[in-house]
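Here the structure is laid out as structure tokens; the discussion comes afterwards.
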Number of protein chains: 2
Amino acid sequence: MAKANPARSCPVAAFQKMISGKYKLRIVWDLKDGPRRYGEIRSGLLRGANGSAEITPRVLSRELKALTASGLIARKDFGEVPPKVEYRLTRKGKSLVPVVAAIREWGERNLGEPAALADAAE
Amino acid sequence: MAKANPARSCPVAAFQKMISGKYKLRIVWDLKDGPRRYGEIRSGLLRGANGSAEITPRVLSRELKALTASGLIARKDFGEVPPKVEYRLTRKGKSLVPVVAAIREWGERNLGEPAALADAAE
DNA sequence: CAGCATCCTGCGTGATACTG
DNA sequence: CAGTATCACGCAGGATGCTG
């Protein structure tokens, strides 16, 4: 056992590392409906949750590259001018969608409403 | 609509924020089998994935407090001396376990083995 | 045993400006 | 349009030492 595969000893840590960052999961989620262009992704990824400021290109670029490197998304560059690039989920990325869905579901259920008032001793 | 609940607009972001940090999910996972003492959690949370260094008390303490504040775990302090404290999942925390399980499963399946050699164009 | 106090460092995130 | 370059900063995370 050369290096004791970290993913085996702790898949959660590996997962967290892979989707670290504030936008990776959101990007994956956005891409679940089909390919999207750089600008579209950017417009969809508004900060503040209410939708005001946009993510900076530097950050988006990094996230996109990281996701590509992870094999979750694929980059498709059309010709040259004017620049047009599409990103889409790979098979691996698609397999992640249900997981994200589970996360979203849990979040909606447990983070949307406080309701946690009667669990003092539970 | 005072502040446009972030969890509704983006549960994923809220989730990520709640379990931000390298150990929170692992702690939740460790606690799924029942209450555990501070030291037990600490011993179980080894760094490097192979199991060498331990998490520092400062960090563990912070994670534990954050999880408690989030309502995912509960702290039970037995008497005074010698100090004995147990942590256990709350109802909310337990509801998170399946999600973590899904994450683990995905991680084991997709991060354990490379296998991503034939997905150049997929 | 179960923490807290202090210091330090790298990195993730953001602002701003520029380019093919 | 789809990025890259540079600068700056806050904060997670770690090292050490001390305490009730």
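All chains are named by letter (A, B, ...) in the order of the sequence lines, taking the proteins before the strands, and each is independently numbered beginning at 1. Computation of the quantities below employed the complete heavy-atom set of this structure, encompassing side-chain atoms and omitting hydrogens, waters and symmetry-equivalent molecules. This one's a predicted model, so the numbers in the text were calculated from it and none came from an experiment.
Contact annotation: A/K65 side-chain N/O to D/dG3 OP1/OP2 distance is not under 4.0 Å. Side-chain nitrogen and oxygen atoms of A/S61 include at least one within less than 4.0 Å of the OP1 or OP2 phosphate oxygen of D/dT4. Residue A/Y23 places at least one side-chain N or O under 4.0 Å from the OP1 or OP2 atom of C/dG14. OP1 or OP2 of D/dG14 has at least one side-chain nitrogen or oxygen of B/K22 nearer than 4.0 Å.
When heavy atoms are screened at a 4.0 angstrom cut-off, A/E54 is found touching no nucleic acid atom at all.
A 4.5 Å side-chain heavy-atom check between B/P11 and A/I103 finds every atom pair outside the cut-off. At least one side-chain heavy atom of A/L31 sits less than 4.5 Å from a side-chain heavy atom of A/I27. Residues B/I41 and B/Y87 have side chains in contact (heavy-atom distance under 4.5 Å, counting atoms from C-beta outward). The closest side-chain heavy-atom distance from B/L89 to B/V28 is below 4.5 Å. Residues A/K76 and A/F78 have side chains in contact (heavy-atom distance under 4.5 Å, counting atoms from C-beta outward).
As rounded to whole Å, 13 Å separates atom P of D/dA2 from atom CD of A/E80. What separates CG of A/L46 from P of C/dT13 is a distance of 17 Å, to the nearest Å. Atom CG of B/L60 is separated from atom P of C/dC4 by 10 Å (rounded to the nearest Å). Separating the OH atom of B/Y87 from the P atom of C/dA2 is a distance of 9 Å, rounded to the nearest angstrom. The interatomic distance linking B/I55 (CD1) with C/dG3 (P) rounds to 12 Å, in whole Å. Atom pair A/R75:CZ and D/dC1:C1' shows a separation of 12 Å (rounding to whole Å applied). The nearest whole Å value for the distance from the CZ atom in B/R42 to the P atom in C/dG3 is 11 Å.
When atom types are taken as modelled, the side chain of B/K92 and the backbone of B/S70 share a donor-acceptor pair closer than 3.5 angstrom. In this structure, B/E86 contributes its side chain and B/P35 its backbone to no donor-acceptor pair below 3.5 Å.
Residue-to-nucleotide proximity on DNA chain C shows that, of A/P83 and A/E63, the 5′-proximal contact is made by A/E63.
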Checklist entry - Please walk me through it: do B/D77 and B/R75 pass salt bridge (charged side-chain N to carboxylate O under 4.0 Å, His left out)? => result CA-CA 6 Å; B/D77 192 334; B/R75 201 185 100 116; 2.9 Å; yes
Next on the checklist: Quick one, A/K94 with A/T90, criterion side-chain contact (heavy atoms from CB on, under 4.5 Å). Give me CA distance, side-chain angles, the key distance, then yes/no.
Outcome noted: CA-CA 6 Å; A/K94 283 175 187 167; A/T90 59; over 6 Å; no
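The minimum heavy-atom distance linking A/K32 with A/V97 is given by the pair CB-CG2, 4.0 Å. Of all heavy-atom pairs spanning A/M18 and B/L111, the tightest one is CE-CD2, 3.4 Å.
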Interface polar pairs with nucleotides 5-11 of chain D, N/O, under 3.5 angstrom:
| residue | atom | partner | partner atom | Å |
| --- | --- | --- | --- | --- |
| D/dT6 | O4 | A/R58 | NE | 3.2 |

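Near DNA chain D, meaning a heavy atom under 4.0 Å away, the residues from residues 30-37 of chain A are A/R37.
Within the model, atoms CG of A/L96 and CZ of B/R109 stand 12.5 Å from one another, a figure rounded to the nearest 0.5 Å.
Helix-axis bend for the helix from C/dC1-D/dG20 to C/dG20-D/dC1: the local axis fitted to the five terminal pairs at one end deviates from that at the other end by 50°, rounded to 10°.
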